[in-house]
Protein chains: 2
Amino acid sequence: MTLAKPAFPAPDHDHRRCTADALAHAEAVCEQRAQKFTPIRRQVLGALLSSHRPLGAYEVIDELAKSMARPAPITVYRALDFLMANGLVHRIESRNAYLACAAHDHDATSAVAFLICERCGLVGEISSASFAKDLNAAARSSGFAPKLSVVEITGVCAHCQKMS
Amino acid sequence: MTLAKPAFPAPDHDHRRCTADALAHAEAVCEQRAQKFTPIRRQVLGALLSSHRPLGAYEVIDELAKSMARPAPITVYRALDFLMANGLVHRIESRNAYLACAAHDHDATSAVAFLICERCGLVGEISSASFAKDLNAAARSSGFAPKLSVVEITGVCAHCQKMS
DNA sequence: AAATAATCATAAGCTTGCTTACTATATCTT
DNA sequence: AAGATATAGTAAGCAAGCTTATGATTATTT
Ligand SMILES: [Zn+2]
Ligand SMILES: [Zn+2]
Ligand SMILES: [Zn+2]
Ligand SMILES: [Zn+2]
């Protein structure tokens, strides 16, 4: 197993379906784990799913405010924490922002790398076991015991390259 | 070329020398590029060099305040920008913090990975061309043109492992 | 010497990210 | 029905990160 998915959101993909799938997946995960997929949690995930761009917490609040009473920061942070704990949302460290997981199948052994397009802002995920191994090997070669890896690659996506 | 340097700061290394070397290197780089290594810039770099821990901008200010009139944020940010632009300081994205570069020799083709010890807070750099290749290859396989890679690995350093 | 450019200081302020504390619901258990 | 647990709302606040604006120094160029 090297690459899992299309990796980068194509500009013309069926995003309705993409969103629906993600919500269905979230529901399934929560049910399986006997966790509650409450309205707020659903709405926060929904807000993140509205694009493949990472949103800051306050952007999430703004997004939600469009369709409900403006939620307080704490409300959103609680939902984000829940969603992250259940692997439904990733935090993009280099942006202090949050991204709905689009891969749905991170196995424990493979690290996730994010591809961040500096033109359009879209973010793709590549989940590769092979480079996770390399990365960990490199770390261990200096006696370091790696736990969590943050890999965020900025560049230009295929679509934006054509546009230039 | 696989690994360049000791990678992780040994607990008993000659840190005086370590600091002096870094300052000398900074001076050389600036001279070579016809850039001015002004007092503030030197002091900010000095503050970062006081440990192998990344410091937030306000921690830098606190550090400087010990030996001079407390600088304003803007002053420190300007210096940090300069130092980063010249490759003398790295930004640790997952911490919103800044780290004096300890490697002095990043060639353009190799990505830098940071090893962040969650016990002692020290940060090491490994600059490996081999995994940079892998990383870039993985990114390119989905049509993505990578530019800047952020690789930050949290874990436990060799020294802290012995301590447990 | 005058003009230009780079650097720095002063002052103020804004935004974001996140927390603490307390209360109110809802959900589940007994 | 009563109690325990999980979740969410309300209110307030704090700290960090970073910026804008403006004027003063200092260096470089002409
Ligand atoms: Zn989509
Ligand atoms: Zn793009
Ligand atoms: Zn040292
Ligand atoms: Zn350590």
Side-chain angles (χ1 to χ4, degrees), chain A residues 26-27 29-48 53-65 67-86 88-99 121 150 152, chain B residues 26-27 29-48 53-65 67-86 88-99 121 150 152:
Chain A
E27 230 164 272
V29 165
C30 289
E31 180 149 10
Q32 194 177 8
R33 301 188 175 190
Q35 299 266 272
K36 289 168 206 159
F37 195 47
T38 65
I40 288 266
R41 290 168 179 176
R42 160 173 251 119
Q43 278 165 305
V44 168
L45 183 57
L48 293 178
R53 287 176 188 76
L55 299 184
Y58 275 59
E59 288 178 298
V60 171
I61 292 178
D62 290 343
E63 189 66 30
L64 291 192
S67 60
M68 60 181 284
R70 186 179 197 78
I74 184 73
T75 302
V76 165
Y77 278 108
R78 280 195 284 235
L80 287 173
D81 285 346
F82 172 88
L83 294 168
M84 283 194 292
N86 289 280
L88 300 168
V89 161
H90 301 291
R91 187 183 151 90
I92 305 295
E93 299 291 344
S94 61
R95 308 261 166 138
N96 296 326
Y98 304 86
L99 178 77
V150 172
E152 297 171 11
Chain B
E27 230 162 272
V29 165
C30 290
E31 180 146 9
Q32 194 177 8
R33 301 189 175 191
Q35 299 269 269
K36 292 167 205 162
F37 195 46
T38 65
I40 290 261
R41 291 167 179 177
R42 161 173 250 118
Q43 278 165 307
V44 168
L45 182 58
L48 292 177
R53 285 176 190 76
L55 298 184
Y58 277 59
E59 288 178 297
V60 172
I61 292 178
D62 290 344
E63 189 67 29
L64 290 193
S67 61
M68 60 181 284
R70 185 178 199 78
I74 183 73
T75 303
V76 164
Y77 279 107
R78 278 196 284 237
L80 287 173
D81 285 346
F82 172 88
L83 294 167
M84 283 194 293
N86 289 280
L88 300 168
V89 160
H90 301 291
R91 187 181 151 93
I92 305 296
E93 299 291 346
S94 61
R95 308 260 165 138
N96 296 325
Y98 304 85
L99 178 76
V150 171
E152 298 172 9

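Letters A, B, ... are given to chains in the order of the sequence lines, protein chains preceding strands, and every chain is numbered from 1. Keep in mind it's a predicted model, so treat the numbers as computed, not measured.
- Rounded to an integer number of Å, the gap from CG of A/Leu55 to P of C/dT15 is 19 Å.
- Rounded to whole Å, the distance from CG on A/Asp81 to P on C/dG17 is 14 Å.
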Counting primed atoms, P, OP1 and OP2 as sugar-phosphate and everything else as base, the B/S/- map of nucleotides 9-17 of chain D against protein heavy atoms under 4.0 Å is BBB-----B
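- As rounded to whole Å, 15 Å separates atom C1' of C/dC8 from atom CG of B/Leu80.
- Each end of the helix from C/dA1-D/dT30 to C/dT30-D/dA1 gets its own axis, taken as the rotation carrying the C1' atoms of four end pairs onto the next four within a five-pair window, and the two axes meet at 30° to the nearest 10 degrees.
- B/Val150 is not listed as a side-chain neighbour of A/Glu93, based on a closest heavy-atom distance of 4.5 Å or more.
- Rounded to an integer number of Å, the gap from A/Gln35 CD to D/dA8 C1' is 16 Å.
- What you find for B/Ile92 and B/Pro54 is that their closest heavy atoms are CG1-CB, 3.9 Å.
- Atom-to-atom distance recorded for A/Arg91:CZ and A/Asn96:CG is 5.0 Å, nearest 0.5 angstrom.
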Protein-to-nucleotide contact annotation, 5' to 3' order, nucleotides 23-30 of chain D [B base; S sugar-phosphate only; - none; under 4.0 Å, heavy atom]:
----SS--
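- Closest heavy-atom contact between B/Ala47 and B/Val60: CB-CG1, 4.4 Å.
- Here C/dG17 presents its P atom at 9 Å from CD1 of A/Ile61, a figure rounded to the nearest Å.
- In this structure, B/Arg42 places its CZ atom 17 Å from C1' of C/dT7, rounding to the nearest Å.
- The CD-P distance, from A/Gln43 to D/dT7, rounds to 17 Å in whole Å.
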Show your working on side chain to side chain contact (heavy atoms under 4.5 Å, CB included) between A/Leu45 and A/Phe37 and close with a plain yes or no.
CA-CA 10 Å; A/Leu45 183 57; A/Phe37 195 47; 3.9 Å; yes
